[in-house]
Structure formats: C-alpha cells, structure tokens
Amino acid sequence: MAFVFTGQASQWPGMGRALYEREPVFRSVLDRCDRLLSEDREVSLLDVMFGENGTDGLLDEPTWTQPAIYSLECALVALWDSLGVRPSVVVGHSLGEIAAAQAAGGFTLEQGLQYASARGTLMGATRADGAMAAVFAPASRVAEAVAEHNAGSDDADLSVAVDNGAQQVVSGPAAELDAVLARLEAEGVKTHRLRRSPAYHSALIEPALDELEAAVNEIAPSPPAPSVPLVSNITGRLLDPDDRMDAAYWRRHAREPVAFRASVETLAEMGVDAVVEIGPHAVLGPVVSMIWPASAPAGSPPVLASLRRPPRDAEEPPIDTSGGFTEAVAGAWEAGLDIQFAGLFAGEERRRITLPGYPFQRIQHWVRSSKRRHKADGHPLLGVRHESPRGEVMFETEVFASDPAWLLDHLVYEQVVVPGGLHGGMAVSVALSQGDGPAVVDELQIYSPLMLDEEDPESGAGGGGRTLQFVLDGSDDLAERPFEIFTKGEGEEGWTLHAGGRLSSGRSDVEPLPPLDPEALKAGLTPQDPVQFYAMRSATGIYLGPSYHTIESAWAREGESLATLALNDSVDATGMELHPLLLDGCFQVLSLARHHTVAEQGAVYMPFGWQRLWVAGPMPTRLLCHATVRTSGERNGADAASSEPPEVVTGDVRFYSTDGAPLGGLFGFTVKRATRSALLSARAGMKDLLYEVAWREQPLDGSVPAADFLTSPATVAGQSRTLAEHLADRDVEAADRVTLLRDLKRLSQAYVVSADGAGTAEQLAAELASRNQTVLLVRAEGDAGGPSPEVPGVTTAVLEPSDREAWRSLLEGLPEESPLRGVVHLNALDGRAASATTEEMAEDVTHAASTALALAQGVATPASARPKASGS
C-alpha cells in the first residue's frame, strides 16, 4: 500500500470542507493547524481553504498554498488511519513530500506546518515573472530543447523541474519559457501552462535557498529517520536508513528536479498493489496509472483519489457528498483492504431501521436533533473555576459519552467507562495552577467507576451527560490540599463520589530520578507488537479504540516493560498539562509488564489508586515510560490456594523524555480485578445486571418423557405408500386409476395471468387452457385500443393492477375445486424499451414494481381466507 502525496496546483477553494463538517478526526487536525498558523497570521487558514470572509484568491498565493495543501494532506492521513488504512511506503510530489515526511515520522505535525509555511513565504518572494509549463514529450527531447534555448539566452536559465514520464515540467522566467514553448508547439508538441505557479525547482528560487536551509535547521535541527519507507523526490529511490531529511536535504529538494517517474518505478519494484492519492484532487493518480511499468509482475494497481474537485458546471449534485472520500473508501474495500468502517462518519449518529413493505405514503416525520454540549469558557479538562467564601476551589464541567470524543474509545464490558487517567490529569492541572512544579498527587483512591450512557440507537433515549465537579479543600494550613471528584446525572438527587486524594506543588521532598539509558535497557528486553497488545486487551473485555493507541513501540520481559508513547495527531492536547490519554498510556505500559507475569491470566484489571504521582511540569505529547511490577505471580494467604488471578497487583511507572531525561513518576499504582457483575453493580439501575445471558446444562426433569417415543421420519417414510399403490390394493382397475389421477391433476391446477398490453398474456392463457388448466386472465382497467379479444376456455377479470385489495378480493373468489397453482405477472412488459427517456424509464420501473408488489400482497392472504396454493 503506497500513499502518494500531491503537490502544487492541486488546490481549489472549498477543498476538504465536506469532510471538515462531518469527520471529527479530519476536523481536529485542520483545527490544530489553523490554531498554530494563526499565531503568526491574522487570517484564518480555514477561511483561505474554504474561500470565506474575503479571502478569494489567497489560496493560489504560495504563502497560503503550501501550508494549506500540507494541512489537508495530514488531515487525510489521520482520517485514513482511523479506518485502519496505513501506508507501507510513501512518496510525495514536490511540495507533497513535506506531508509524506510527516506521515513517515520525519516531521511532527507542527514542524512540517512550520516548514511548509516558511517555504511558501520564501518561494512567494522570488521573482514575480517566474512560470512553469507541462510539455508532453519524452524527457530527452525536452532536455535538448531547454539546453539549446539556454545556450542563446541572456536571462536565468530554464530548468526541467519535473520528470513525470509522459510529460516534463519546464520552469524559469516567463518570457524565456514562452519562447521555448512556442518552438515546441511549432514542432507539434502539446504544452500546457500551469496556473499561478512560481518557477519552482529552477534557478529563480536559488536566492531563497540559504534562508530555506536556515529555517529547517531552526525547525528540526536533528530529524529522526523515517519510520515508514519513503521514496525520495531527489533520487526516485528509497531513502537510505542512514540518511536524514535534514536542512541540506530540503535545500536540494527545493532546487533539484522531481524524479517522479523513477519514484513510480521504485513502487513497482517493491510490489505495491494499491495506491492512495493524498491531496485535494485526482492529479497524480492518472499519471501513476499511465507510467506504471508494463514489466511489473502484478500489473497496474488500483489508484484511489482521497478527494475530487466537483465539476464546475455540474447539472446535478454529486452522489458522494463527502468530496469523493466515501467513494475512495468503497474502492479500498473493493481492492481488498481491511477497512474499519466504525471510523467512517464518526461525527454522525446512525441506527438500523426497518423499511416498510409497501410504497412510501409521502408523510413527513420530524427527526429530533441530538443533544449538544454547551461548552463554556474554562480549562479543557476542568471547566469553569469557582471559589467559596471558606476558600474552597471548585471546578465544574460536563462529560458525555461522546464528549470528549475519545471517551467512546474506552469500553469495559461494552460500557463507556471514563479512564482513571482523567482523574490524574485533572489533579495535575489543578496542582500546577496553584504554583510551580513539581506537581504531586498523593494517595489517590478511586471509589467508584465513572460510567456514561450512550444514546439508545432505537429509541433515542439516554446519552445524557453528567455534571462533574473537582472540589479542592480550602485550608491553607496544609502543605497538601485534599480534593474529591463528584458527578451528578440529570434527575439524580445526590452526588456520586468517584475519586479523592491530596495534591501539592513546588515540593522539595520529591525523590529525584536518575537519567535513563534507553538503549541499555532495551538490550535486556524483548520487542513487542503494539497491535497484538491492543488486540489482546480487547479479548479480555477492555476495548481501547484508536485514540488510546498511544504505544508506538515497546519492549518487555516478566514484570518489566519500556515503551515510547505519543498522542495521535487527531487528539487536541491544547491547554492540558497532562493529557489523560497519555497517562492512560502509562497505565498500559504497566499492563504490558503484568501480562508477562503469571499474575494476570486474562483477567480484567481497573485502576484502584496510587501512592504518589509527580511530574516536573507540563508533560510533552511524546515520551518514554519504564514500568515495573512490584507483585509478581507469587501468591500469599488465601490467594495461594486459589487458581484465580490475584485481586490486586501493584507497580511503578517512571516518565522520561525521548532522550532519557526524567520527567516524573507514578509509584504504588494499584489495579484491582473487576468482574462484569461488580462493574455493572455500580450503576444506578438494576436492569443492566440482566444483560448477561448464560446457558447451563442441567439434567432432564424425570417428569418429562424423552423424545425417543416419537416415530422417526425414516420409519414413517418406509411404511408409506403412493396413492396409486393404495388404489391397487383397493382393487381399482388400472384404466380407472389413470383416469382418476388425470382428473385430480387437472382439477389441482389453476393459474392467474396478469395481462400486458402486447398480447403475450392472451397467448400464454390460450396455451394453458389447451392443456386443461384453469386460467384467470386479469386485465387492467381502462386499457386503450378497444375491447380485448376473448380467449376460449379462459375467464377474464378487470381491476386496477396496483390495488392490492382488488387482487386480494379476486384471489379469495377462486373456486375451491381449483386451488391456485401459479401466478404470472406480465405488466412489466408494457415499458417503452430503448426509446424511453430517463423520466419514462423511471415511470416504467415504478409501474412494474408497484403492480408486482400489489399482486404479491394479494397472494399473501391468510390461508383461512382463500384456498391454499399448491405452487407459485
């Protein structure tokens, strides 16, 4: 699977707007880029992308084009990732390589945006007369024409900027470019000027290269090696694992030609069998299909465009209102990719409905809008701050199963349970608001799980939120201030206490941690597969959705584990000192260590509390966690004689930066075994306790006889005889038996033929009547063309074919001696065939379907109301 990232000239006003309005993952990335860019610019990136608030034309300015395309492509990668589609290799086309590098791990989202913004600004400041054009000719011919022109030119040289295989892109001063294009066109070569494109990859951008290199050095002085294979624009080959996409690389990338043809050949050599184009429009996809090497063993792969620009003169609105993304997902599924469809339309609420079995009556049914959370100003986790006269500080907010959105990704026994990391994240934020770090949260205990109701998909009931209050004790005499966390649902009389502990800040008695040598620690551990870990968690009753997949890489052995954690790009951590998902990821690292002991045995454990959590200050969104289990598989007391997993397991987790600098720790973290019944008993209603159905084998009650007294079907069949054999035993002569069976066969066959207007029904009815069948020919009311011919031996009736009650009355009137055997529906033959217009074809389909449906409903009369049919 290859992701191919589109470059300049693919943008269009309104790109991505449909996905922004309906897909939370996509919207989250664009909102994040908009906030980051707004720190330096007064105009909103989203306004420029969508063409709003007086920003017409800005999208074609390089200073906006480049960050806009980059942001859109990063949002598309995050959206594909939420569907389980991740690239095996990436390749970008010029500007597109910045987003490709971000997808491969060479840039963070912020670093890539900073570079795209700086690159666009510097490129936009180059000579205003720069231009680019596509030339549809072989590379050798275009290179020769450019070289001959440069030899006689006094201005800056033209350059071949891109090798797309079927076409080459020439870049340089507009006057020089026009001259060489005129020469080529005179020779019959097709050319096409690119709109509003500065002279990229030519001598005109050389004055900006020093500043460009300096910008990269400041943004990402030590970039990591990409974690996903990346095909370089510079060489058209895979980037060597020892190479880095540093400032010198991006300088060459901006000046040297784009080797896209060679890049596609590399994808073919790798055996790529599916390509997804990441960009605003299907620009590179046709090129990839056109230049894919014919010698590739698997042939040209399917190419899917993530987005498509709508036609400018479309008469009808498009069927795919997502901008083409839904169609791309369908194509990916058809190509054999494993799609996690739960991630699609994540911003919508859906439920299965039953369609009626009759034509719609055109009655309006109003759909109630879903409940929305009113977001007041305040801390993103804690909400609004209040103070009491006694010095108590209280923070109040609301939580819903779907708000914050990542809560829906945490299910325990199929119930939405707020992770314990939320309590710790809130406490750390309050502690840091009281003073400088380190922030300390001591003796936290979770008294009851905080569970939220999802909205019922059938009735629309439920889904209400809970008011959450974080209450901090008002005493100033204590070095540590007690706190408690409560919630209350709508209609509930009292508050529920969920957690409590003590917090403080600026402590001097926090035991320092020594620096960590990650490589030395990894040497004694075994690499782990995070995907298998999350699958194993789901199998034990805890479902962690994509938002909670924070483990990037991990190593473990019995009772010890090390992992690199990072928040997903779609998760907004703005304003949070310690994001709950990151703290929950630390819990997961300890869980990984537990799974390598004999203690867990597949049991479900939930956080119970800890002795101390401390952090030096606001935590980064990427860090290292080192976890150790205190209690191993050894058992004490009552546990020693039990085969059940232990009730309680305790461990420690230490936090470090990615280079091993200590950031904090979680000590005495205790988890407790949780059964399904114990968890559900914490809910207010007893009805949830009845959701589990268990079948247990029991001995048969002695008062109930066994079923072996019934005669077996084989015995009944063996003792049965045919009617002919029975008549022979009764001394009925052979000739009389034949006559009797013939009469019975004739009397048992009756047919109803729904007539068409072309005479086919009359011919069929005559043929059936000639074979001694009882035939009822039904004609439509008001048929044109004069009286219909009578058919010998056939009974005729007239009714409205789309009236099911008329059919029912007719069929109920069939004679008892001739039960209904077959029904032939021929009304569909009355269509206008190939000469019909679109509207006439629609009328024909409606007529055929409505008459067939009415006839079927008439046949479906209860057996007590008409003679039983022996066939259909």
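Numbers here simply count residues along the sequence, with the first being 1. Excluded from the calculations below are hydrogen atoms, water molecules and symmetry mates; all remaining heavy atoms, backbone and side chain alike, are included.
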Flag for Asn217-Glu213: side-chain donor and acceptor within less than 3.5 Å:
no

Side-chain donor/acceptor of His626 to backbone N/O of Val653, under 3.5 Å:
no

Contact between Gln611 and Phe669 at the side-chain level, heavy atoms closer than 4.5 Å - yes or no?
no

Any donor and acceptor pair, going by atom type alone, linking the side chain of His498 with main-chain N or O of Ile446 inside 3.5 Å?
no

One pair to check against side-chain contact (heavy atoms from CB on, under 4.5 Å): Gln114 and Glu218. What are the steps and the verdict?
CA-CA 10 Å; Gln114 287 178 304; Glu218 181 179 354; over 6 Å; no

Carboxylate-amine/guanidinium contact Arg237 Glu269, below 4.0 Å
yes

To check you understand the geometry: which heavy-atom pair defines the closest contact between Ser263 and Val91, and what is its length?
CB-CG2, 3.8 Å

Do any N or O atoms from the side chain of Ser38 and from the backbone of Ser44 form a donor-acceptor pair under 3.5 angstrom?
no

Are a donor atom and an acceptor atom from the side chains of Thr6 and His93 found within less than 3.5 Å of each other?
no

Within the side chain of Gln111, is there an N or O that forms a donor-acceptor pair under 3.5 Å with the backbone of Thr108?
yes

Do Trp80 and Ser306 have side-chain atoms, one donor and one acceptor, less than 3.5 Å apart?
yes

Going through the checks in order, is the ring-ring contact (aromatic ring centres under 6.0 Å, His included) test met by Phe667 and Trp610?
CA-CA 6 Å; Phe667 300 95; Trp610 59 71; over 10 Å; no

Any chance the side chains of Ser117 and Arg41 put a donor and an acceptor closer than 3.5 Å?
yes

Val441 side chain near Phe483 side chain, heavy-atom distance below 4.5 Å
yes

Can Glu552 and Thr564 be counted as having a side-chain donor-acceptor contact under 3.5 angstrom?
no

Is the shortest distance from a Lys or Arg side-chain nitrogen in Arg612 or Glu443 to a carboxylate oxygen in the other one below 4.0 Å?
no

Quick one, Met123 with Ile205, criterion side-chain contact (heavy atoms from CB on, under 4.5 Å). Give me CA distance, side-chain angles, the key distance, then yes/no.
CA-CA 7 Å; Met123 296 298 184; Ile205 61 101; 3.7 Å; yes

Can a side-chain donor-acceptor contact be found between Gln588 and Tyr548 if the only test is distance below 3.5 angstrom?
no

Starting at NE2 of His253, measure out to CD1 of Ile98 and round the result to the nearest 0.5 Å.
7.0 Å

Do Val430 and Leu382 touch side chain to side chain, with heavy atoms closer than 4.5 Å?
yes

Student check: side-chain heavy atoms of Glu97 and Met245 closer than 4.5 Å
yes

